[in-house]
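When a residue number appears, it is its place in the shown sequence, counting from 1.
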Amino acid sequence: AVGAEPRGSVVASETQFDPRFINLDSTISIENLTDALKRTGRAALLFSGPSGSGKTQLANYLAIQLDRELTYRTGSDLLNKYVGETEQRISRLFKSCDAEREIIFLDEAEGLLASRDGAHRSWEVTHVNEFLRQIEQFNGIFIAATNHVANLDPALMRRFAFRLGFKPLRIEQRAALFEQVSGNEMAPGTPEFERLQR
């Protein structure tokens, strides 16, 4: 009513997040990443991988570990049909964020930050330009998540200090998660284990 942007939030998980059930294609562990973010307080991160692999929940977990609020947005939250309005929304998102108390999390980033090489309209280029400018000036933590990393602008890729690829769970992780949630042991060699492996 007073022109404020909605904060947005992550949908609550049905289970408690456990970093053991993330399979990262990365040399950095979640523990080391958390420690690095605590030390610096500033970074741009890219989470990429298939739906359901834990990108949003890891962002939420990092916010909890760093005692910060997660400001959640999707690309469609920032897009506007009027020329220049999307850039203003992007600018407001970064300027209204308390860099010491909040983390900006942009989900479905490919919808807003696609490569400018394939742009057909000038405003498709200016969205990305504005985002690049804001990321460089931002003194806090910014996380972008995408299912289609190949569609992101190459210049944007260079702005991320950490790029974490998320993969489906390994069989050992699936078995351990099944046991934790169901309370039933999942022993290798059993028909249930083989079905879970498939």
Side-chain angles (χ1 to χ4, degrees), residues 8 10 17 19 22-79 86-87 89-119 124-168:
V10 176
F17 179 81
I22 292 287
N23 185 12
L24 292 178
D25 183 16
S26 173
T27 56
I28 190 167
S29 69
I30 294 173
E31 184 179 73
N32 289 342
L33 175 65
T34 305
D35 290 343
L37 294 176
K38 283 180 180 177
R39 279 195 314 274
T40 64
R42 177 185 185 186
L45 301 89
L46 176 65
F47 293 174
S48 62
S51 298
S53 54
K55 299 184 296 294
T56 302
Q57 292 305 320
L58 179 57
N60 199 43
Y61 173 81
L62 289 173
I64 292 168
Q65 295 303 306
L66 298 171
D67 195 26
R68 296 186 183 206
E69 183 180 338
L70 190 70
T71 299
Y72 178 89
R73 293 287 190 283
T74 64
S76 60
D77 291 333
L78 298 173
L79 286 171
T86 299
E87 292 82 353
R89 286 184 176 186
I90 292 167
S91 177
R92 278 198 302 270
L93 171 63
F94 283 91
K95 286 185 169 57
S96 66
C97 178
D98 183 338
E100 293 183 4
R101 297 179 55 208
E102 296 176 70
I103 293 175
I104 297 175
F105 179 64
L106 178 67
D107 203 2
E108 302 169 10
E110 70 278 0
L112 186 68
L113 303 175
S115 175
R116 291 169 290 182
D117 294 338
E124 293 174 305
V125 173
T126 58
H127 296 172
V128 179
N129 290 344
E130 181 62 25
F131 231 104
L132 291 172
R133 194 169 67 79
Q134 293 297 334
I135 290 172
E136 286 181 347
Q137 295 175 354
F138 187 54
N139 287 319
I141 298 171
F142 169 73
I143 304 172
T146 180
N147 300 342
H148 307 284
V149 68
N151 295 348
L152 294 180
D153 191 90
L156 180 71
M157 297 297 289
R158 294 191 291 272
R159 301 310 197 275
F160 294 113
F162 299 99
R163 297 183 211 168
L164 280 66
F166 288 63
K167 300 187 293 187

With a 3.5 Å cut-off and sequence neighbours excluded, list the donor-acceptor pairs that the side chains of residues 43-53 form with protein atoms.
from	atom 1	to	atom 2	distance (Å)
S51	OG	N147	ND2	3.1
S53	OG	P50	O	2.6

Pair up each side-chain donor or acceptor in residues 137-145 with any protein partner under 3.5 Å, not counting sequence neighbours, and list the distances.
from	atom 1	to	atom 2	distance (Å)
N139	OD1	R42	NH1	3.4

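Each of I104, I90, L106 was checked for a side-chain contact (heavy atoms from CB on, under 4.5 Å) with R73, and the lone residue meeting it is L106.
Nearest heavy atom pair, residue N151 against residue E110, reads CB-CB, 4.4 Å. The nearest pair of heavy atoms linking N23 to P168 is ND2-O, 2.8 Å.
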Go through the steps for E136 and R159 under the test salt bridge (charged side-chain N to carboxylate O under 4.0 Å, His left out), then give the verdict. CA-CA 8 Å; E136 286 181 347; R159 301 310 197 275; 2.7 Å; yes

Just do the side chain to side chain contact (heavy atoms under 4.5 Å, CB included) check on F17 and I22 with the steps written out, would you? CA-CA 10 Å; F17 179 81; I22 292 287; 3.7 Å; yes

Does the pair F166 and L58 meet the rule for a side chain to side chain contact (heavy atoms under 4.5 Å, CB included), with working shown? CA-CA 10 Å; F166 288 63; L58 179 57; 3.5 Å; yes

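One finds the CZ atom of R158 at 9.0 Å from the CG atom of L132 (value rounded to the nearest 0.5 Å). With rounding to the nearest 0.5 angstrom, the CD atom of Q65 is 11.0 Å from the CG atom of L37. Here L93 contributes atom CG and F131 contributes atom CZ; the two are 6.0 Å apart, rounded to the nearest 0.5 Å. Annotation: the span from E87 atom CD to Q134 atom CD amounts to 11.0 Å, rounded to 0.5 Å. Atom CG of L33 sits about 5.0 Å away from atom CD1 of I28, to the nearest 0.5 Å.
For T74, the side-chain contact (heavy atoms from CB on, under 4.5 Å) partners at least two apart in sequence or on another chain are Y72, S76, D77, D107, E108. Among residues two or more places apart in sequence or in another chain, the side-chain contact (heavy atoms from CB on, under 4.5 Å) test is passed with E100 by D98. Residues passing the side-chain hydrogen bond (donor to acceptor under 3.5 Å, both in side chains) test with E31, sequence neighbours excluded: none. Judged as a side-chain hydrogen bond (donor to acceptor under 3.5 Å, both in side chains), and not counting sequence neighbours, R163 has no contacts. Residues that satisfy the side-chain hydrogen bond (donor to acceptor under 3.5 Å, both in side chains) test with N32, not counting sequence neighbours, are S29. Checked against side-chain contact (heavy atoms from CB on, under 4.5 Å), A161 has no partners two or more places apart in sequence or in another chain. With sequence neighbours left out, R133 forms a side-chain hydrogen bond (donor to acceptor under 3.5 Å, both in side chains) with E130.
The backbone N or O of I30 sits less than 3.5 Å from a side-chain atom of T34, completing a donor-acceptor pair.
Counting only N and O atoms by type, the side chains of E102 and T71 include a donor and acceptor under 3.5 Å apart.
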